[in-house]
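In what follows, a single structure is set out as structure tokens and then discussed.
The shown structure was predicted, so the numbers you read here are calculated from the model rather than taken from an experiment. Quick note: numbers below take in every heavy atom, side chains included, and nothing from hydrogens, waters or symmetry partners. All chains are named by letter (A, B, ...) in the order of the sequence lines, taking the proteins before the strands, and each is independently numbered beginning at 1.
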Amino acid sequence: MQEKYIHADIEPAAQTIWRQNAADCAIDAPDRPKYYCLSMFPYPSGKLHMGHVRNYTIGDVLARFNRMLGKNVLQPMGWDAFGMPAENAALANRIPPAAWTYQNIDHMKKQLQSLGFSIDWTRELATSKPEYYRWEQWLFTRLFAKGLIYKKLGAVNWDPVDETVLANEQVIDGRGWRSGALVEKREIPMYYMKITAYAEELLAGLEQLEGWPPEVRQMQKNWIGKSVGVRLAFPYELDGRKDLLWTFTTRADTLLGVTFVAVAAEHPLAIHAAKNNPEIAAFIEECRLCGFAEADLATMEKKGMPTGLFVRHPLTNDAVPVWVGNYVLMGYGEGAVMAVPAHDERDFAFAKKYGLPIRQVISAADETFDLDEWQDWYADKIHAVCVNSGKYDGLSHEAAVEEIASDLARLSLGEKKTQFRLRDWGISRQRYWGCPIPIIHCEQCGDVPVPDDQLPVLLPEEVTITGAGSPLARMPEFFEAACPKCGKSARRETDTLDTFVESSWYFLRYACPDKQDAMLDERVNYWCKGGIDQYIGGIEHAILHLLYARFFTRLIRDVGLPGIEIPDEPFRNLLTQGMVVAPAFFRKTPDGKKTWFNPAELTIKSDERGRLTAATLNADGEPVEVGGMEKMSKSHNNGVDPQALIDRYGADTARLFMMFAAPPLQSLEWSDAGVEGAYRFLRRLWRIVYEHVSQGVTRANETADLPAPLKDLRRKLHQTIAKVNDDYGRRQQFNTAVAAVMELLNAYEKTNLDTAEGRSLAQEILESVVLMLFPIVPHIAQTLHAELKPGEDAARARFPVVDEAALAQETISLVLQINGKLRGNFQIGSDADRETIESAALAAAENAIKEKAVKKIIVVPGRLVNIVV
RNA sequence: GCCGGGGUGGCGGAAUCGGUAGACGCAGCGGACUCAAAAUCCGCCGCCGCAAGGUGUGAGGGUUCGAGUCCCUCCCCCGGCACCA
């Protein structure tokens with residue numbers, strides 16, 4: 001055995017053994033218990049970042065641990081290969097997005113392999129390959145036929161200088177990131193997926209997801225946002241034509257408090273009012289410059305303008321003024337809201353600002369309504385009753401809603417309605433590097449889906465990106481097409497699909513990535529039965545990706561693939577890892593934009609306590625500003641390259657550091673310190689095994705009948721096995737598993753094992769330690785295991801089993817408290833009854849109690865005794 | 001703004017069901033080995049205090065024999081907010 005731990009020698013050697021034995025391949029074996037362990041696939045941005053290393057190490061630990069429990073493990077990997085960064089890179093470097101992407105995939109795959117992840121590479125897929133996206137197009141045509149995909153107008157960010165649609169990320173303080181032009185809101189036709197048709201089912205499904213973190217279920221529940229309210233109409237007459245202005249409210253009980261209604265700038269009433277009023281037209285124009293992100297809407301100054309138009313109150317027939325509001329959006333709900341300033345905080349502020357009437361229609365006992373100041377009880381549903389509301393006076397919230405809804409129904413001006421916050425999913429993107437939407441626009445036949453025999457609609461890979469519009473719209477060879485129905489010349493859709501579509505079903509395709517003539521085959525029935533056993537990915541995906549994936553399994557189920565069973569819920573167990581965060585550094589350009597610098601380009605200064613204080617850019621020696629801790633990301637350019645870590649210390653150190661530095665759910669603060677410690681531990685482990693092996697390996701101890709110090713050490717071993725097993729399996733908390741093994745090794749080194757019995761116990765401990773660490777540091781464990789048990793392969797070994805006999809203990813130590821304060825310990829037989837414990841505790845506490853009267857004795861079995869005096 | 005999470009020594013973190021706060025590691029300090037350094041090994045290490053003891057888990061209050069853990073109010077940080085992935 002080598003005396004020194006040299007990771008550069010043992011890591012490639014271990015990987016060669018695994019490759020030769022096909023140790024990482026998942027076998028389609030329907031008779032064996034399966035464990036499908038899935039990590040969120042990466043976007044091939046160039047090189048791995050720390051978040052990937054963390055995510056895939058967690059996945060690999062679980063995959064290897066479950067393999068050691070005898071399960072048939074599938075751990076696949078692929079590439080979320082479509083997306084905007086490839087187009088940005090193309091602009092910057094003049095490389096076509098396809099070439100850039102595939103070059104990144106090659107590099108990142110090598111990096112993943114060098115980390116020793118037990119990934120079944122025979123199942124690798126990339127979403128940008130026609131073999132993959134053709135089935136997405138196929139599914140699109142089926143969903144289009146079923147009406148689950150439809151077309152309507154939707155708002156986008158329009159850069160008037162670059163004449164292109166911008167992603168939210170590309171809009172910085174209301175301006176285009178490249179042109180600096182003020183971004184406008186523009187309504188364009190887009191395809192939508194009817195996720196709202198599944199809102200009820202997606203909500204109900206959350207109840208069953210016991211293997212999901214409760215906070216993720218809560219977030220999805222709130223996102224779907226089911227509320228029961230009343231859809232009601234305000235009648236009006238315009239140019240002699242009668243019409244209805246529809247709104248939705250959850251507070252129909254306050255209907256008599258309505259003093260105005262507000263409509264969106266794009267609402268027909270607003271547009272009508274603008275015709276003869278340049279001020280309103282100017283205001284509507286101003287609204288076009290507002291963003292439409294929810295956060296912008298919620299925080300911006302609420303502005304409005306009277307249109308001069310009036311509608312009739314549905315119950316009183318009073319005239320109600322119509323305002324245009326910049327906070328009302330056409331695409332959400334009805335594009336109009338009723339305003340009750342007295343009982344809605346936003347309406348209250350709006351009414352105060354514009355001097356609109358505030359009419360109290362709710363009161364609560366002991367509370368006084370004060371026109372000058374908003375108080376939280378004004379919006380209270382629980383304690384309030386109707387006032388100033390005629391026949392509804394005295395009714396509670398629920399009763400009033402019921403009464404008013406049925407009165408409105410009688411007038412055909414309203415009904416009770418369940419509404420969801422969830423909106424249909426806009427899937428059209430005016431971008432090149434994505435899956436082409438399989439639609440042909442024919443002047444006569446309308447939107448015609450591309451027939452199966454013309455699929456896939458291939459995305460041309462040799463293109464020039466200019467930053468202005470999609471290159472597809474400039475390629476007649478792409479967009480010129482014959483209508484599949486009438487044969488006349490027609491125009492192919494040049495928008496592509498949102499990349500969230502690809503990531504909504506890739507996990508099903510891993511079961512059968514080589515299937516040529518169908519989306520999926522029966523191998524899905526084995527691997528995905530009951531859902532994927534474990535899904536691991538960033539908490540930032542808690543809502544969108546995870547909701548879309550849940551939606552998609554239901555879509556595919558309902559489209560129906562013969563002979564294939566799709567689980568409703570794709571992910572049985574979910575682990576949301578915390579982010580890897582690091583400080584971010586930037587400079588502001590004169591126009592206020594921030595330029596972010598990578599720590600690798602900087603010299604960072606810190607104080608004597610190790611806290612970072614300042615940084616300078618190596619290129620010019622000038623200072624940069626130190627921002628806060630941010631998620632490692634492209635946008636903040638604060639990623640630390642894991643490659644340097646792997647090159648210097650090896651894959652096992654990188655993996656161990658990642659698992660030991662923080663529990664998986666928590667965010668992990670990157671720091672260079674600590675890596676050394678992980679490396680030191682591996683060297684120490686190597687040395688300990690070397691010292692044992694160089695005296696000759698022996699047969700592992702199997703008996704609990706040992707002298708006291710050895711018995712204690714062996715108890716520690718089996719307690720550790722139980723703990724580590726629980727940490728890997730139930731708790732999924734790997735930092736404490738490592739800590740437990742470290743503690744065991746500390747005890748091992750403090751015990752004299754120079755007898756035959758001792759050496760045999762040493763053998764038992766070291767074999768167990770190496771196998772317990774195998775999921776985290778497989779290379780060193782593979783190598784050391786082969787030294788401890790020549791001819792045996794750790795990759796096929798089972799996880800150590802607890803010997804219950806070793807756990808038995810004759811006496812235990814209990815904590816003694818007096819009035820809840822720690823006052824020492826005492827020993828007692830492990831089978832002592834309550835009376836014995838109490839008297840032993842009183843004896844131990846004699847000095848401290850003295851004359852004081854004992855009021856109460858609390859005994860917590862196995863833990864402590866608290867004497868109250 | 002709304003939804004979700006978090007705040008524990010100089011630092012990362014542990015304390016799993018309300019029961020010894022600070023496991024394990026990093027940094028630091030002292031020592032051994034060495035010509036020396038690195039590596040390694042041994043010891044110390046929340047704060048105040050010579051000690052006895054007191055005190056301590058973002059701040060304030062509450063429940064309890066007992067609170068990092070439960071309840072209320074507040075502050076700060078992070079994630080998401082529908083076109084970043």
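When heavy atoms are screened at a 4.0 angstrom cut-off, A/Val741 is found touching no nucleic acid atom at all. Within the nucleic acid shown, A/Ala293 comes within 4.0 Å of sugar-phosphate atoms alone, with no base atom in reach, counting heavy atoms only. Within the 4.0 angstrom heavy-atom criterion, no nucleotide atom of any strand lies near A/Phe681. Using a 4.0 Å heavy-atom criterion, one finds that A/Phe660 contacts the bases of the nucleic acid, with or without backbone contacts as well. Within the 4.0 angstrom heavy-atom criterion, only backbone atoms of the sugar-phosphate kind lie near A/Gln733; the bases stay farther away. No engagement by A/Ile857 is indicated, since no non-hydrogen atom pair under 4.0 Å with the nucleic acid exists. If you check every strand for non-hydrogen atoms under 4.0 Å, A/Asp727 touches nothing. Residue-level contact check: A/Thr736 touches the backbone only, with heavy atoms under 4.0 Å from sugar-phosphate atoms and none from bases. Within the nucleic acid shown, A/Val868 comes within 4.0 Å of sugar-phosphate atoms alone, with no base atom in reach, counting heavy atoms only. A/Ser428 comes within 4.0 angstrom of a base, heavy atoms only. Heavy atoms of A/Met190 sit under 4.0 angstrom from at least one base atom. Looking at heavy-atom distances under 4.0 Å, A/Pro42 makes no contact with the nucleic acid at all. A/Arg863 comes within 4.0 angstrom of the backbone, heavy atoms only, and of no base.
The phosphate of B/rU20 (OP1 or OP2) has no side-chain N or O of A/Arg823 nearer than 4.0 angstrom. In terms of phosphate contacts, A/Gln218 brings no side-chain nitrogen or oxygen within less than 4.0 Å of OP1 or OP2 of B/rC3. Side-chain nitrogen and oxygen atoms of A/Asn222 include at least one within less than 4.0 Å of the OP1 or OP2 phosphate oxygen of B/rG4. Remark: A/Gln220 is not in phosphate contact with B/rC3, judged by side-chain N or O atoms under 4.0 Å from OP1 or OP2. An OP1 or OP2 oxygen of B/rC81 is reached within less than 4.0 angstrom by no side-chain nitrogen or oxygen of A/Arg421. Between B/rA14 and A/Asn735, a contact under 4.0 Å exists linking OP1 or OP2 to a side-chain N or O. Phosphate contact (OP1/OP2 of B/rU55, side-chain N/O of A/Lys821, threshold under 4.0 Å): present. Under 4.0 angstrom from either OP1 or OP2 of B/rC41 there lies no side-chain N or O belonging to A/Arg680.
By the rule that a glycosidic angle within 90° of 0 means syn, B/rG9 counts as syn. With its glycosidic angle within 90° of 0, B/rC17 is assigned syn.
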Hey, can you pull the donor-acceptor pairs under 3.5 Å for the side chains in residues 720-727 of chain A, sequence neighbours left out?
unit_1   : atom_1 : unit_2   : atom_2 : d
A/Thr720 : OG1    : A/Lys716 : O      : 2.6
A/Lys723 : NZ     : A/Asp727 : OD1    : 3.4
A/Lys723 : NZ     : A/Asp727 : OD2    : 3.2
A/Asp726 : OD1    : A/Arg730 : NE     : 2.8
A/Asp726 : OD2    : A/Arg730 : NH2    : 2.8
A/Asp727 : OD1    : A/Arg731 : NE     : 3.0
A/Asp727 : OD1    : A/Arg731 : NH2    : 3.3
A/Asp727 : OD2    : A/Thr736 : OG1    : 2.9
A/Asp727 : OD2    : A/Ala737 : N      : 3.2

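Comparing B/rU16, B/rC24, B/rG13 by their nearest atom to the side chain of A/Arg731 picks out B/rU16. Of the candidates B/rG25, B/rU40, B/rA14, B/rG25 carries the atom nearest the A/Arg684 side chain, counting heavy atoms from C-beta on. Among B/rU40, B/rG80, B/rG43, the nucleotide with an atom closest to any side-chain atom of A/Ile543 is B/rG80. In the set B/rG12, B/rC65, B/rG79, the nucleotide with an atom closest to the side chain of A/Met579 is B/rG79. For A/Glu294, the listed nucleotide lying nearest its side chain is B/rA82; candidates were B/rA82, B/rG25, B/rG79.
The base of B/rC65 sits within donor-acceptor range of the side chain of A/Asn866, with an N or O pair under 3.5 Å. For B/rU16, its base sits under 3.5 Å from the side chain of A/Lys723 at one donor and acceptor pair at least. With hydrogens and angles left out, the side chain of A/Arg730 and the base of B/rU16 share a donor-acceptor pair within 3.5 Å.
When both distances must be under 3.5 Å, the Watson-Crick or G-U wobble mate of B/rG1 is B/rC81.
Relative orientation of the A/Tyr649 and A/Tyr679 rings is perpendicular, given thresholds of 30° and 60° on the angle between their planes. Ring-plane geometry between A/Trp686 and A/Tyr5 is classed as tilted, the angle between the planes lying from 30 to 60 degrees on a 0 to 90 degree scale.
The same atom, P, is picked in B/rA15 and in B/rG61; the two are 29 Å apart, to the nearest Å.
Checked by atom type and distance alone, the side chain of A/Ser428 pairs as donor or acceptor with a backbone atom of A/Tyr191 at under 3.5 Å. Distance alone, capped at 3.5 Å, is enough to place a donor-acceptor pair between the A/Asn866 side chain and the A/Gly820 backbone.
A/Tyr150 and A/Asp424 are linked by a side-chain donor-acceptor pair at a separation below 3.5 angstrom, with hydrogens and angles left out of the test.
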